[in-house]
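In the text below, chain A, chain B and the rest are named by the order of the sequence lines, each starting its count at 1.
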Amino acid sequence: MEVIRSQKRTPSNDTVSNPKIPLYLTAPQMEVRLEEFELFAIDRLRVLKGVSDGLARGRNPKEMDDLVDTLWKEHMRDPDASVMLNKDIISHFVLRLVYCRSDELKKWFLSMETALFRHRFRLQNFEAQRAIVGEFGLPYKAVTGAELEGLKERLGQVVRSLGQISPTVEAVYYKVPFEEVPDLVASRRVLIQKGFAFVAGSQLVSLVVTQFRSHISKALILTNRKWTTTIREREKDRLTPIVEALSTSYLGPDYSQSTEYAEISLKDIDQVAKSSFPLCMRHLFEKVREDHHLKHGGRMQLGLFLKGVGLKLDDALAFWRAEFTKKVGSERFDKEYAYSIRHNYGKEGKRTDYTPYACQKIILSAPGAGDHHGCPYRHFSEDNLRAALGRMGLSSRGMEGVMDQVRNKHYQLACTMTFEAVYGTSCDAGINHPNQYFEESQKILKSKTPPAPV
Amino acid sequence: MHRKSLTQNQKIFSMFITSEFTTARNLFPYTDIHKWLSYGHDGKHPGCDEYYFGRREFSFTLENDVYLRYKSFKSVSSLEHAIKSCFPYKIDIGAVYSVDPDKRHAYSQTGTNVFTPVERELVFDIDITDYDDVRYCCSGADVCSKCWPLMTVAIKVIHTSLKEDFGFKHILWVFSGRRGVHCWVCDPKARRMTNEQRSAVAEYFRVYKGNENNARKVALMGYSLHPFLARSYVDFLKGFFEGELQANQSIFSTKDKYDKILEMISDEDIQSELREKWEKSANRSSLSEEAISLVRWDQLKNTLQSKKHKAPTLRMCVEEIVFTFAYPRIDLEVSKQMNHLLKAPFCVHPKTGPSRRVCVPIDPNNCDEFDPLAVPTLSQLIEEINSGGSKMDVDDDDDDDDTDTSILGKSIKFFRSSFLEPLLKSCKEEIESLYKTKIGKSKDSFSW
């Protein structure tokens, strides 16, 4: 890919055999204008951010299909199909440069590109899907006739075991070495016999996604090598500043708009704090109740969190007022504190609607004497942390796993493990935002509410 | 390491302190182990990789728990020599790496010569202490004839699946020496599996999700069992649960025991109904513990059968209970990573004194016959040697010796005939065919 400054654009030489989704197997041989380099990447980043947001909010696969469709049309569409394809390819390769540069960036990019691919694939019709599978050159063959007949009963059992009451066996199954579909094997979503998995047409996604992910993962490592050895230095006056600016540090949802799950009222707040707040916010909340005061760092961290959780401005004012006036009196509250609460909600000054802090920001904060903000997994002493985890209901065995993560400085993993222990469920996405913790927790608690008795 | 020669008393004493006795007198089958782990690369065929064995990691645990990793050996004699010099009381086998483990520092971590595992058997570790919540006869390190059958049924379920579902052929099951079993899947395909693939197989086998937070540790969703689980249930688990397990453990006979099972039923009404019934009948029955247990199981099954449409979580409650008690509980972490080390077969278990048992192979087709309490112990072996009972050096390559009556002889024979020989035959065929392909290719290519 050659980046040029000229206004003219040369037609693409990229011979693409018309799969609707490119596989990004090789870097495109085309010329790209510098402005496009950045703009295309930004548009794709908007799509990836949207995907990330959707996943963090626990959208089901069908919802994600729709979301991806919307995002793609909004940011990546062009009336000219070949222009659209070029933009797709170029933007992917630019973002590879941006996101190859650290393990965390790589992990995020890999997850989002894989999810994007998965849902774009699902949106294709069957013929297009088969074409894409063919592009990967996978060793699969369709099962037909007598062999299929012999397997029908057990294939039906698999379908039923996945929650479908009638064992409708699909028309087409593919016989694939079980190694090619590890996630289908792991979740027992396929029949396996003599080393082969029988993958339904509708499960083809899994096959290709594994391939795609593996390919991108390897590619990122190579790209990183090239970046550090040659590109970064060579491009330090041109592409490098663009690349470095393109990755923002936090890329998940910003929780400035609360969702349907997250509307809490003042009367519920104590109960909800106990059941659904992550440790950092629980601690701050308990301290407010205890000391009737919080220093600035704590007010910001907790206050914005509460906003993200759905506490309306009036309720927020009432909450802080109720506590603070016990210590500083009503007049001082109005003079010194009410303003900044309103400021956080975007009702004062430059009226920016401030966004709740992500874990990354909280972990990097530096609480001093008298402060209670920050990340307990990082900032608490071991004893204090153990005591706090005990109050959250962790067993001593659960605690060891968490403390282990803390020792290795994986604070977010520690919080994720705490979440998993408290709710008895796994959190594969990992916690990276207190409001995410809250939303996930609420989701679980709401789903556990027993249905009304018959 | 070079040891000074020991006095006779010191020798006897050190024999009992560590398992060095088996290794020092070639009761440890060095040659067989070497043949196994060479997978046919014995240098006799031009297609052999003569450095293959040398890239295998071994680890030694010495007295005072000194732990030596990344040991590797070019030949069986250097392996033997090292063991006899260090006297490890525990020997673990790791992966085959890209370069000799003991030379790994000579290679940089970047570029193409990275130190990384390239082959490793697919392994499983099943330990009876993971079943402590469902066995009432023993706990912790103890094992007896009443709870060992849990291991037997685990072997049957996993072995059948490895063969029928995954198509593996070269599977070695080994007694872990005290209270569990190890499984080594040695097919070339298995040895080349990535961590992700190993993880997938481990998860495929995983049913029990034990957690202090849930009473219901097995949750079987959907409208039927997956064919693998269905086969395991019908062929092995159901019969075992209703027969041997009930007989040995009487899992419904007391309130403590049956409360645990009732908690697995996600309907409070059914729980109370059964609880009331059983509390009433508690003192009135003249039946044995076993018989009471069976009666109650029948009552539970009938109640659930009639009420299973009440909620999706009740649909397969009966099966869930059976799976909770009887289905294999493998240690997932052992299987998931290529670099995980596992104890070598034929070692003596490092703990428990002179009654330490040898880690002998188990015949999966006859595992009902296996009795962990009848496995040769260290002291039995010593006695046999002292009494001049065994002239055979178990390390002797000569397979034709049918007169061997030594305690370990039977195990070694089994290892050779049912595992090693078929494995080596298949490995050599593979080496030969790969070689032929390579030759064929280079004959056809004209580029130089």
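Screening A:Val185, A:Val190, A:Leu184 against B:Tyr204 for a side chain to side chain contact (heavy atoms under 4.5 Å, CB included) leaves a single residue, A:Val185.
From B:Asp165, atom CG reaches atom CZ of A:Arg188 across 11.0 Å, with rounding to the nearest 0.5 Å. Here the OG atom belonging to A:Ser161 is positioned 11.5 Å from the CE atom belonging to B:Met221, to the nearest 0.5 angstrom. The distance from atom CD of B:Gln197 to atom OG1 of A:Thr210, rounded to the nearest 0.5 Å, is 10.0 Å. The NZ atom of B:Lys209 sits 7.5 Å away from atom OG of A:Ser426, with the distance rounded to the nearest 0.5 Å. Atom-to-atom distance recorded for A:Ile192:CD1 and B:Phe228:CZ is 9.0 Å, nearest 0.5 angstrom.
Closest non-hydrogen pair, B:Ala200 versus A:Pro182, comes out as CB-O, 3.2 Å. Here the shortest heavy-atom pairing between A:Gln157 and B:Ala230 reads NE2-CB, 3.5 Å.
For A:Glu153, the CD atom is loosely surrounded, since the number of other residues' heavy atoms within 6.0 Å does not exceed 12.
Put simply, of A:Leu162, A:Ile165, A:Val158, the one with the most heavy-atom pairs under 4.5 Å next to chain B is A:Ile165. Chain B forms the most heavy-atom pairs under 4.5 Å with one residue out of A:Glu179, A:Gln164, A:Arg154, and that residue is A:Glu179.
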task = Please lay out, stage by stage, how A:Phe178 and B:Met193 fare under the test side-chain contact (heavy atoms from CB on, under 4.5 Å).
result = CA-CA 11 Å; A:Phe178 79 86; B:Met193 280 168 74; 4.1 Å; yes

